[in-house]
Amino acid sequence: MEILNRINELRNKRGWSIYKLAEESGITQSTLANMFSRQTLPSLTTLKQLCDAFGITMAQFFQGDSNEFNDEEQLIISNYRKLEKQEKEVIKKLLESILSEK
């Protein structure tokens with residue numbers, strides 16, 4: 001199934017286990033494991049939670065790897081996605097601080 005393959009692709013790019021994906025998305029590990037083992041498609045609500053965890057929109061999910069970012073921007077985004085939630089908050093505050101000074 002293409003949707004399950006895409007979820008795995010995004011998970012693997014981040015180096016996330018099923019456990020880490022469950023933690024980031026708020027979906028139980030057993031729900032995710034069952035979805036993959038039974039090859040069942042996620043509901044729209046579940047897919048939205050997964051997209052939120054990956055830091056992408058549903059449109060970006062279905063676009064695949066095509067994006068408008070250059071290599072430097074993609075590297076920044078890729079590294080940001082690997083951060084823990086608390087680390088992401090620090091980065092957001094830093095960016096807000098830098099931008100407010102302009």
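Worth saying up front: this structure is predicted, and the values here are computed from it rather than measured. Basis for what follows: all heavy atoms, side chains included, without hydrogens, waters or symmetry-related copies.
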J.: Is there a side-chain contact between E87 and I91 (heavy atoms, below 4.5 Å)?
T.: no
J.: Does Y19 reach the side chain of L32, with side-chain heavy atoms less than 4.5 Å apart?
T.: no
J.: Roughly how far, to the nearest 0.5 Å, is the CG atom of L83 from the NZ atom of K92?
T.: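 With rounding to 0.5 Å, NZ (K92) is 10.5 Å from CG (L83).
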J.: Would you please name every residue forming a side-chain hydrogen bond (donor to acceptor under 3.5 Å, both in side chains) with S97, sequence neighbours left out?
T.: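 side-chain hydrogen bond (donor to acceptor under 3.5 Å, both in side chains) check on S97 returns nothing, list empty.
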J.: Please determine whether salt bridge (Lys or Arg N to Asp or Glu O under 4.0 Å) holds for the pair E24 and K20, giving the CA-CA distance in whole Å, both sets of side-chain angles, and the decisive distance to 0.1 Å.
T.: CA-CA 6 Å; E24 292 292 323; K20 177 70 173 171; 2.9 Å; yes
J.: Could E96 and K93 be called an ion pair, given the rule that one side-chain N must be under 4.0 Å from one carboxylate O?
T.: no
J.: Is the shortest side-chain heavy-atom distance between M35 and I7 below 4.5 Å?
T.: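 Yes - at least one pair of side-chain heavy atoms lies under 4.5 Å apart.
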J.: With distance as the sole test, does T31 use its side chain to make a donor-acceptor pair with the main-chain N or O of I27 at under 3.5 Å?
T.: no
J.: If you draw a 6.0 Å radius around CG in L95, do more than 12 non-hydrogen atoms from other residues or ligands fall strictly inside?
T.: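 Atom CG in L95 is packed in, count exceeds 12.
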J.: Applying side-chain hydrogen bond (donor to acceptor under 3.5 Å, both in side chains), name anything that partners R11, two or more places apart in sequence or on another chain.
T.: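 R11: side-chain hydrogen bond (donor to acceptor under 3.5 Å, both in side chains) contacts with N8.
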J.: Give every donor-acceptor pair under 3.5 Å between a side-chain atom in residues 47-58 and any protein atom, sequence neighbours left out.
T.:
residue, atom, partner, partner atom, Å
K48, NZ, D52, OD1, 2.7
K48, NZ, D52, OD2, 3.2
Q49, NE2, S25, O, 3.2
T57, OG1, A59, N, 3.4
T57, OG1, Q60, N, 3.0
T57, OG1, Q60, OE1, 3.4

J.: F62 and I3: side chain to side chain contact (heavy atoms under 4.5 Å, CB included), yes or no, with the steps?
T.: CA-CA 8 Å; F62 289 106; I3 291 175; 4.1 Å; yes
J.: Quick check for you: to the nearest 0.5 Å, what is the distance between K82 atom NZ and W16 atom CH2?
T.: 11.5 Å
J.: K13 versus R81: any side-chain heavy-atom pair under 4.5 Å?
T.: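 Result no, sub-4.5 Å side-chain heavy-atom pair not found.
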J.: L94, Y80: one ILVMFWY side-chain cluster at the under-4.5 Å cut-off?
T.: no
J.: Using a strict 4.0 Å threshold on nitrogen-to-oxygen distance, state whether E9 and R14 make a salt bridge.
T.: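 No salt bridge links E9 with R14.
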